[in-house]
Amino acid sequence: MMEVEELTKVKKEKTNGHGVPATGMGPSAYMGKVTRLNEHLVEIISDSGEGAQKCGQSFGSIVAQMGLGVWTTEIIPAEIRPPARSVAGASGNRIRFGSKRVTNGGNETDLVIAFNEQVLLGRVRSKELKPGCTILLESMWRDDKRVAKSYTDAVEQLISAGYKVYEIPMDKECRKIVSDPRKGKNMFALGVLCGLYSLDLQSARDQVVLTFGKKAAKVIESNIALLDAGYAWADANLDFKYEIPAEKSTEPQIVVNGNTALALGVLASGMEICAMYPITPATSASHYLSDAFEEVGGIVHQAEDEIAACCFAIGASYAGKCTVTITSGPGYSLKQEAIGLAVMGEIPLVVVNVMRGGPSTGQPTKTEQGDLMTTIFGSHGDAPKVVIAPATIEDCFYSMITARKIAETFNMVVVILTDANLASSQQPFKRPVFDEGWLAPPIDQSAIPPGAKPYDWDPKTGLARRFIPGQPGGMHTLTGLAHDENSHVAYDPEINQRSMRARSLKLATLQKTLNPPPIFGDPTGDMLVIGWGSTKGAIEEAVELLRQEGKKVSSLHLTFIQPLPPGIKEILAGFKKCITIENNWSDSPNDEMIDGSNRRYSALAILLRSRYLVDIDCWSECRGTPLKPNTVRRVIEEAMA
Amino acid sequence: MMEVEELTKVKKEKTNGHGVPATGMGPSAYMGKVTRLNEHLVEIISDSGEGAQKCGQSFGSIVAQMGLGVWTTEIIPAEIRPPARSVAGASGNRIRFGSKRVTNGGNETDLVIAFNEQVLLGRVRSKELKPGCTILLESMWRDDKRVAKSYTDAVEQLISAGYKVYEIPMDKECRKIVSDPRKGKNMFALGVLCGLYSLDLQSARDQVVLTFGKKAAKVIESNIALLDAGYAWADANLDFKYEIPAEKSTEPQIVVNGNTALALGVLASGMEICAMYPITPATSASHYLSDAFEEVGGIVHQAEDEIAACCFAIGASYAGKCTVTITSGPGYSLKQEAIGLAVMGEIPLVVVNVMRGGPSTGQPTKTEQGDLMTTIFGSHGDAPKVVIAPATIEDCFYSMITARKIAETFNMVVVILTDANLASSQQPFKRPVFDEGWLAPPIDQSAIPPGAKPYDWDPKTGLARRFIPGQPGGMHTLTGLAHDENSHVAYDPEINQRSMRARSLKLATLQKTLNPPPIFGDPTGDMLVIGWGSTKGAIEEAVELLRQEGKKVSSLHLTFIQPLPPGIKEILAGFKKCITIENNWSDSPNDEMIDGSNRRYSALAILLRSRYLVDIDCWSECRGTPLKPNTVRRVIEEAMA
Amino acid sequence: MNNISLNVLNGNGAATEPLNVNDCLLQLYEEHYELEDYQKGVPRWCTGCGDNAILTAVQRLCRDEALPPEKTVFVSGIGCSSRLPHYMNTYGFHSLHGRALPVAEGIRLARPDLKVFVNMGDGDCCSIGAAHWIHAIRYNMNMTAMLHDNNIYGLTKKQASPTSPIGLKTNTTPRGSYLDALNPLTVTLGVSNVSFVAQVVDWIPKLLYQTIQAAYHHKGFAFIRVIQRCPEWLPTHMEAYMQDPTRVLLLHHENGLHVDDELAKRYTKMQEHDPSDINRAREIASGSDPIPVGILYRNDEVPCYEDVRFDSRLRTTSLVKNGLEAEFDKFTIWPDGHAHVSRN
Amino acid sequence: MNNISLNVLNGNGAATEPLNVNDCLLQLYEEHYELEDYQKGVPRWCTGCGDNAILTAVQRLCRDEALPPEKTVFVSGIGCSSRLPHYMNTYGFHSLHGRALPVAEGIRLARPDLKVFVNMGDGDCCSIGAAHWIHAIRYNMNMTAMLHDNNIYGLTKKQASPTSPIGLKTNTTPRGSYLDALNPLTVTLGVSNVSFVAQVVDWIPKLLYQTIQAAYHHKGFAFIRVIQRCPEWLPTHMEAYMQDPTRVLLLHHENGLHVDDELAKRYTKMQEHDPSDINRAREIASGSDPIPVGILYRNDEVPCYEDVRFDSRLRTTSLVKNGLEAEFDKFTIWPDGHAHVSRN
Ligand SMILES: Cc1ncc(C[n+]2csc(CCOP(=O)(O)OP(=O)(O)O)c2C)c(N)n1
Ligand SMILES: Cc1ncc(C[n+]2csc(CCOP(=O)(O)OP(=O)(O)O)c2C)c(N)n1
Ligand code: SF4
Ligand code: SF4
Ligand SMILES: [Mg+2]
Ligand SMILES: [Mg+2]
């Protein structure tokens, strides 16, 4: 999908506003070839603690700044501190950027800059690097007797495997500027990359200032010097350069990851309390919120465990302040009983589950969509709740506002299902324009009219007005036991049927307010691919490509999963075949033991098959990594064959 | 369904071995009408603490003893001690008994004996009594100024509503024998019932001896005197009597409720440890087990909470002693995370969930089938487990043996789903013949052969041999993190796929060993009714009746719900319509807001629709009571219309 | 997704006409209440159940302190004792087994204008709820927590509780319970930030009332263990203690409970105990016969979590808007091509 | 249902050829082991992490006590510290966050022939696992429990733990943590049946070893709080304590730790403390600077739950059969028409 156009450039000082500006270090010394690309996927990897993540994030911000589309994905080792130079220890960032909007992390890497050969080999082994891609490798290990052999062997192997390896004396170059290159190498690398991609050096410098904003001026200066040095080194020593035309957005954009977007959404929704217990990969949302809440007067309460966090949130919501509790799989499982209480008491509550690899402790730092079924069916008895799965970073922001509103309007539990992929990926989106309507209304403390009941279920919709402590005349005891309209404990069969109905009906009522989901592609065709949550970008990219090749394939992406929006049945009817593509478990129909009577389907496939009785196939994987457009494409092709 | 045959009996001393024997109190003084019945449904109700439950249970045992089919159901007030004489406070027992095997609690009550008019009115209000049925009512309240009016009003109303009311001076009659009639009335009532139903008085006396076996001889004697007095009073004062022909079983039978059957199954399976936390309606199984274990050397461990109970069971199972943990809805929700650990670590574990009304604290003493979906889909990530739902009291016993065997063979979690209906109902079943094969094998402490791995997943079946602490050479660290064959923590995408597959495949492997479920009725027809768990008796009774009327209806009852047994698709194909009938929530298609795009189906319907893509309808209710055959019949008729 | 229209809303689901937010923070006028203002329904406890005495005491307290029923919340878990909120004509939250404390904490943090009381059983608080109990002591949020300790699981019909004495025959311990009883007082006194610990028995109403009253007036987490009779399952359990007044040890002090003449005449075993002395409090707490009754420990200096954390700024729209815009600024790329760099 | 045939079983799933059941109850011969026999893999902790010291100490202990690796189980929760079992070449169970203790209890009750060690973090034990911790003390099952207390959540990247000192800046407390630290020792000492409580620091290997050894030899639940450095998140946190030997208070006694000359020379602040004195133990435990180090409390008389509950009868087929038949008898209706009445 990458169009390559080669052009030779002689002392080209500015291209589309890129290139090295006159200020600072003089015109670029570069005399070599400049290749024009539509997009590229770059990876920066190091041992953890060497700053590759910061380098990658800064690079992402700079390209976004330039007006390029971008999607950054964190590479996180599973251990806090894996041994140095270890194959499983790669820490860093992948930046996919291009002329057009980038909607997902993409396929294999085009260019990698690595701080040692071991983390690089880890990436090769996990098949994340494109065969034959460009490798920029720190060369200091050549001079380190203990590891020189490992290093040179690796380089040789990589070259003979067809990789284009460029060795960079990063350590040596950095020593010219700082005494501890381990702490500065990342900015040198950033400079190299900026040079390679003909980016605006001043923008890069501004970004460094932003990154180290809180540090001393001296720190900032030395980092800028490292950046400049990297830029110059690339110009002087490498014989290739890239250029990716950009189109500047006319509107301000926000660059944050999904967890920060969630946290910003909490602020914007007017929620004031977040009760949580730390768990990867959800916690960073609370970290950010702890800080940001200080400005607007909110509180992040770290409870003694997830059960307490959920009950604390329920207490606060009951008392009139709709509260959010943020967690991931194991914590979500622990909250099941408390979520049932909120459903039964009709207490508005927003629960965020940032999914990670399961089951059990599973793969804490890896992404998966394994919790959909337990989200819908978790908690004993009938516990209807709303389930929303944001598909983009932007969705993460707005879904919190929607969630709070639904929670308080319907007095329901709303679960937001994101995942480690969204949590740690960055993609620019239009800066939201503040709207007063986002905020929760102030707590109602008006007197309750005589005769009104705390569960005056509307016979048609199931809705009831909630009484909030402090409201004179509204005194009643909320209970998780079966209860009547007065919140009196009741075991009468009719009352139980009535209250079960009211709680269930609210989902149907909400469903009536939803629009049918948009189809990506034509409304009829040979194949409909159905997805949900964070896989949207990858699926649509694959579908787009296949459509360009003339394949009659479209896709449907669901954000509301409970209730399912109307109109899906009609959409399904337009296609010969349907398949869900998900990042969770399903048995392969090709497995010897598996047949139609025992195959375990993916979550969304189960839900859709059951509701629409359409033979929807499924394909899924649990590799802990975001789906790649190439994989999706292959799956669709196979399913269509 | 009751055939009535009237016959007049003059000084008939013995009928089919029933009637009053010559010993003890002389021949029966009864001169009136004797009606022959096929079956009857009798109810004994009192304030709690007045012994109606004991009376009912004894009556159930006596009729079983006589060779009649019987099903007893407890009537349990929701409070420990509801106020005396309160409408919601009825405590007691319903005994359905008849010539043929009785498979469920039946429809409305034919005859009720009540200790005060208030508990009686409660039963009338809840529509549990057949209109116009026979009422035997304690008459002492006529003489109690504070309540006389309430009493006489009630009697008048009942009579004018068509009930046949007989007043019995129980208190007065009992005072002739004991000083505190509150403590003896129940045995007097038992005597009245035995007289009315022409039961063998000696058998009744034996039963009283059994019931009070541990008490002083004096207590037993006075209770026998009360029994005799009741018997004589009925003979002398009532102008009607019933007779239900019995056919004695040629084999010994066991009469226990479902919870005791479960506990006996635990003993029989060779399990030695049960870890639990008290919760209604599951706890009585542990009570019984606490006692019974003392004889065979087992331990009931009451943990500090359900999470601890489950983890304790996991620890004991890991150490080689497959352990059971018993709970109900709220506790089951709390165990979700720990169950996921057992799935991930492939630790054999048996979990019993005695379902009660949900969601949340719900209706602790009432029955419901609301936990099926959370049982199958509970716990984050993919956590495949086996789900078995016993359909009869006998199943409760054998399912524990099966569960232990599957758990240890497949190294899986096996969940037994029973409910409050099975838990507290009694039905005789053939006394099991002990089989050594039931028992768990002794703990394997042999050395592990070199090279063997703790998760040597068989590529075809997913099975692996478990290593148990104490086995030399088997040292490894079990973990809930993703792991490879060596139980080493591994985040490799391929390894994760492989281990997910192995855990999932075990369900398919087990499925291959199951037989297709038997069809009740013809293999083809207009309507197939599908049920699971405790509703079997009621559904089959209704189907039987409709079939007798020539309706082309059959039923299918599922015991294995995960995996579903093979052959269901073929069965479904034989019927024009299919419907599940369940005791849980589903939206009514007749509700204004409900349509095909938002209707929430019952649990089993969702599962079957999804797997077989057959338009299986559902009907369910959440009334907290066992399904009645009449209700099922009406539902089927309506669905067939 | 950001423009979903909730077109079914017709004021039914949303709060209507909220008053000024100040109303939830201030109580400006004095009210007078009668006992009946706090009573609701007929308690469904067994005759002679100690829960009745506790209910009466808290109803009296509410009246005497003129607590506005709408500003008062009773929170409980699950158990016989946890039914108490249903019999109070205040707001109530009958939550989950073991979880009364975190629910109450959430209420307190959201609404420091509400008075919060917590009623828990011994299984509720000391078994399934033990982690929350420990942490509630540490949070030291301003509420009055009553442990209805009947040494047994009442509602679920007689299983051993952590406070059951060793040897007690129950349905799960048919040969007698296996372990020494947990002492809730010594546990509580071992937790940092503990600020008020008292013990009382249900059968001395005056002391019960005085103790709950002192707890109510304490600013912080006031923990009272009420030894409560369960005549249903343990009819004779406390009999000997009730019969013999010398098996109760009255703790009194000018900073603790004041024992009046009437009580002093009957309960002759008395001890002066300064509730600020934690070491002595722990020693006294360790004793169970005679039952020490009164205030074991009190420290008014321990900060309350909600005070440390509550933000008194009015959360106006502009406060939120400005805060949000400032956060957006941190992550914004402006169309003019440069990040707005601010060095601060 | 009762005759399901598991026809895929080919010895793959079921245990094969079990040895005599005695083998799991007795260890009949003496073995000699080297340190390497207990080591597995390269620990993945940060350089300087105190967990390394604890690992070394327990490996030494296993060797010195010649614990058969196959009869030894290390149980942990989730956290950096809970990775320890992975580095032991024994059996190990890396369970769930907060749940190490109930898992360990299940193992112990099922298999009193196994030696059980438990490793937990401060979040693991004192926050999410607090209820189990309290109850484990009360059960007093024979195991050695180590609290790796680094005052922080290590694995999840620097959030406040209950033992974080007030004011500590962490990712969830950016302005400093809000509450006084929980003192695990005073909590433990408040629980009935407490039988062994010790405290030690990771940077004095000899004391660390001695303390764990004493705990191992204690029959009952031996609880050791190890103050453990986390250089990753709190690089200077314990620095001052390490530099200044007088900020450690050595507790010694003939029934407690014996401090040798070398230690005594460096750690001059010493106190004789009789570990049988619980009141004094509680007082000492309340102090945190100097850090009291040594055995605070020991009581060898407290019965162990598994001893009270373990049934030594061999659970033979006939025992089970007879027991089961006796139970069946209680509920049987015989074809001859009468229940078999036995009055006993
Ligand atoms: C999660 C959960 N587990 C168990 C129960 C069952 N249950 C209800 S109350 C109770 C204990 C009652 O004892 P206690 O807390 O001492 O209160 P009491 O009834 O004695 O006042 C239990 C175990 C439940 N409702 N929820
Ligand atoms: C149920 C659950 N909640 C939260 C987590 C995330 N988690 C893993 S370790 C940990 C705490 C780590 O701190 P600590 O227990 O002190 O151990 P340390 O890493 O410091 O050794 C948390 C919150 C989890 N794995 N499971
Ligand atoms: S069972 Fe016990 S605690 Fe419960 S209401 Fe009755 S007397 Fe009170
Ligand atoms: S983060 Fe802290 S506790 Fe965890 S391994 Fe590193 S130093 Fe040790
Ligand atoms: Mg209690
Ligand atoms: Mg820690």
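Every heavy atom of this structure was used, including side-chain atoms; hydrogens, water molecules and symmetry mates were not. Per chain, numbering begins at 1; letters A, B, ... match sequence-line order.
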[X] portion near chain A, given a 4.5 angstrom heavy-atom threshold:
X	result
C/K330	neither
C/R309	both
C/R83	side chain
C/V320	both

Sort [X] into side chain, backbone, both or neither according to what part of it lies under 4.5 angstrom from a heavy atom of chain C.
X	value
A/A391	neither
A/V300	backbone
A/E251	backbone
A/L267	both
A/P454	neither
A/T479	both
A/T260	side chain
A/F212	neither
A/A64	both
A/I254	both
A/A308	both
A/L481	side chain
A/S317	neither
A/F434	both

More than 12 non-hydrogen atoms from neighbouring residues, nucleotides or ligands closer than 6.0 Å to NZ on C/K115, yes or no?
no
Best-contacting candidate, [options], against chain A by heavy atom pairs under 4.5 angstrom:
options	answer
C/G92, C/S82, C/P69	C/G92
C/L319, C/D311, C/L96, C/T317	C/L96
C/H86, C/M88, C/R108	C/H86
C/E105, C/H135, C/K321	C/K321

With a 4.0 Å cut-off, would you call A/E295 and C/R313 a salt bridge?
no
What I want to check is whether the side chains of C/Y91 and A/Q471 have a donor and an acceptor closer together than 3.5 Å.
no
Keeping the roles fixed (side chain from C/R99, backbone from A/C311), state whether a donor-acceptor pair exists under 3.5 Å.
no
Mark yes or no for whether C/R315, through its side chain, and A/V296, through its backbone, hold a donor-acceptor pair below 3.5 Å.
yes
Can the ring centroids of A/H301 and C/Y139 be said to lie less than 6.0 angstrom from one another?
yes
Do A/F429 and C/F331 have their ring centres less than 6.0 Å from each other?
no
Across all chains, not counting sequence neighbours, the ring-ring contact (aromatic ring centres under 6.0 Å, His included) partners of A/H483 are A/Y455
For C/R63, what residues pass the salt bridge (Lys or Arg N to Asp or Glu O under 4.0 Å) criterion, not counting sequence neighbours?
none
Take C/S95 and A/L341 through the side chain to side chain contact (heavy atoms under 4.5 Å, CB included) test and state the conclusion after the steps.
CA-CA 7 Å; C/S95 72; A/L341 171 64; 4.1 Å; yes
